[in-house]
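Just the heavy atoms: all of them, side chains too, but no hydrogens, waters or symmetry mates, feed the values below. One-based numbering, in listed order, for ligands and for the atoms of each. Because the structure is a prediction, the values reported are computed rather than measured.
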Amino acid sequence: MSQSLHFFTPTTRSPNLTFPKQPLTKPPLPASNFRLPVNFAPKSISVRASASSDPNSAPSSQVLVSSNGTGGGVLAPEYTSLAVADVSSIEVDAVTEAELKENGFRSTRRTKLVCTIGPATCSFEQLQALAVGGMNMARINMCHGTREWHKSVIERVRRLNEEKGFAVAIMMDTEGSEIHMGDLGGASSAKAEDGEIWTFSVRAFDSPRPERTINVNYDGFAEDVQVGDELLVDGGMVRFEVIEKIGPDVKCRCTDPGLLLPRANLTFWRDGSLVRERNAMLPTISSKDWIDIDFGISEGVDFIAISFVKSAEVINHLKSYIAARSRDTDIALIAKIESVDSLKNLEEIIQASDGAMVARGDLGAQIPLEQVPSAQQKIVQLCRQLNKPVIVASQLLESMIEYPTPTRAEVADVSEAVRQRADALMLSGESAMGQYPEKALAVLRSVSVRIEKWWREEKRHQAMELPAVGSAFSDCISEEICNSAAKMANNLAVDALFVYTKNGHMASLLSRCRPDCPIFAFTTSASVRRRLNLQWGLIPFRLSFSDDMESNLNKTFSLLKARGMIKSGDLVIAVSDMLQSIQVMNVP
Ligand SMILES: Nc1ncnc2c1ncn2[C@@H]1O[C@H](COP(=O)(O)OP(=O)(O)O)[C@@H](O)[C@H]1O
Ligand SMILES: C=C(OP(=O)(O)O)C(=O)O
Ligand SMILES: [K+]
Ligand SMILES: [Mg+2]
């Protein structure tokens, strides 16, 4: 395959010029608000790695616009194309439109927000309120609720996307097969008081559940546990000491009182270390998980999160399973880092996955709590290096389950995750069953925007060493283009990066660079658009585009201008994975 590198200026603006092996002349940069003249002809660097014209691309007169989770999207069904000539017929949801119009796009939120959906947020109106409040992804946790319940939530999110133009992605989180309590016979919680004797048993009980009795899901529990062991509920929210074993029943005395929640996770500790006896041999994906995964595939969820991943093997196995089961859907796999094994095999797990979650709830039950912050920083950093989106999860705003304002410590925790520039922050109980789901989301949103702005103003971003991730030469070219475009965007203080991408890869490579400006990602596929909605700084639009960048840009400009989302003079850098090009231009 021959590789050539040349620079050209699009023919419609000036004659096609070729300057072999000559760098793009960089204009002097006197000030950070430096702007090129409005009629500045687009400069383009085109690197052709292979024949890059796309036979499947739609005729360029057909354009579909959508937008992101800081805002909106298409009101028309996904398959409908809208003629670009009739710009007024392009529907963009009110949230994005307002945000871009009022604040300009430099101040849009870069950190993405995930909400766990539960009884407090499952109606259409509640889901809509979350989408309006900035939810980029809805998480359903298969530990709780019935499949019918989850199905109805998925249907409502879909309807919300179709009717209101959002691109809210759906993530199904598997239960996993670690040890946990039963469901408390329908009660929402049970209070364990200091010194009380409770029975943990593998026996199934008739309802009503006998008083101070807890069912345990793992058959080997009574055998593995020893008198004197410490039993931790939810990583230490409640503690018991094992005092007696009677057949399948384990009698325990409460040593740290607290609320027991349905299906809470259980770990036991001996002489200060986590006991990992035979339960360490439990399969990562239980038989129930497999049924849930089939359900997720048939419902066409965008992401599946795998609990208690121990090695890359399970991810690879599941990937081939999904590929065989669903030829035309592309489900991304998120590895939940929440066990000692997952930390040991971190790099291979992240490499095999499409993203990771710092699942601090269970992680904090498996390693000493004081080690969780450094583990988080390491996971976030590694994910960015390997170009995988990363979600920071659990207890970000835990007190907001009950109270309308967060603690100062919680705000500091959220700020730290934003400052680490994780792709996404997640709400669990705060949105699933808390008193103030919308307020909790609003706190995540305002803290994200404020910290991002502060960090940009302070120019505190440390340049991160980004190792090459591509193996094929054309991937290396894409990577170089994105690294350069992001650097140019910062140096020229451009208003936005535009990326035209078929499969989303170029968009994530740009996101990985965490540039100072937002990234407008145009993609032809609705599912790629939803997937990109999880990634830092991306404002995903759905758009049918051709491989003629000049016409793509002109159409995009007129479309966005007509909606007041960009204006003449805005400086934009555009990259494309069809042409492998970088163009710098002012919006005409
Ligand atoms: N689908 C659901 N149905 C009922 N309750 C739910 C559902 N999803 C979440 N919850 C509630 O929200 C709490 C927090 O959610 P999450 O953190 O996802 O689960 P867990 O606490 O089991 O790790 C759960 O403990 C449960 O009480
Ligand atoms: C997100 C987590 O997983 P789950 O809520 O399913 O236990 C966690 O453990 O932090
Ligand atoms: K789970
Ligand atoms: Mg967990």
Output yes when a side-chain donor or acceptor of Glu299 lies under 3.5 Å from a complementary backbone atom of Ile154, and no otherwise. no
Which bit of Leu363 is near ligand 2, meaning a heavy atom under 4.0 Å away: side chain, backbone, both or neither? neither
Close side-chain approach of Leu382 and Glu347, heavy atoms under 4.5 Å: yes
Does a side-chain heavy-atom distance below 4.5 Å link Ile391 with Leu534? yes
Relative to each other, are the rings of Phe221 and Phe200 parallel, tilted or perpendicular (30° and 60° limits)? tilted
Looking at every heavy atom in both Ser428 and Thr116, which two are closest together, and how far apart are they? CA-OG1, 3.5 Å
Looking at Gly361, which atoms of ligand 2 are within less than 4.0 Å of one of its heavy atoms? 8 (C), 9 (O), 10 (O)
Within a radius of less than 6.0 Å around CG of Asp271, do more than 12 heavy atoms belonging to other residues, nucleotides or ligands occur? no
When you measure from atom 7 (O) of ligand 2 to every protein heavy atom, which one gives the shortest distance, and what is it? Asp362 OD2, 3.0 Å
Please answer whether the main-chain N or O of Val153 pairs with a side-chain N or O of Glu155 as donor and acceptor at a distance below 3.5 Å. no
Ser448 side-chain N/O to Leu444 backbone N/O, donor-acceptor pair under 3.5 Å: yes
If you scan protein heavy atoms around atom 1 (C) of ligand 2, the nearest is Ser394 OG, 3.5 Å
Starting from atom 2 (C) of ligand 2, which protein heavy atom do you reach first, and at what distance in Å? Ala359 CB, 3.6 Å
Check whether any side-chain N or O of Lys112 sits under 3.5 Å from a backbone N or O of Met137 as a donor-acceptor pair, and report yes or no. no
Is the closest heavy atom of Met357 to ligand 2 under 4.0 Å? yes
Could you name the option among Lys336, Met142, Glu175, Arg360 that has the heavy atom nearest to atom 4 (P) of ligand 2? Lys336
Does the N or O separation between Glu338 and ligand 2 drop below 3.5 Å for any pair? yes
So, 3.4 Å as the limit: is an N/O/S atom of Asn141 located closer than that to the K ion (ligand 3)? yes
The K ion (ligand 3) is nearest to which N, O or S atom of Asp173? OD1
Ignoring angles and geometry beyond distance, decide whether Arg139 reaches within less than 3.5 Å of ligand 2 through its nitrogen or oxygen atoms. yes
Considering only heavy atoms of Asn141, which atoms of ligand 2 have at least one such atom less than 4.0 Å away? 5 (O), 6 (O)
Here the N/O/S atom of Glu338 closest to the Mg ion (ligand 4) would be OE1
So which N/O/S atom does Asp362 have closest to the Mg ion (ligand 4)? OD2
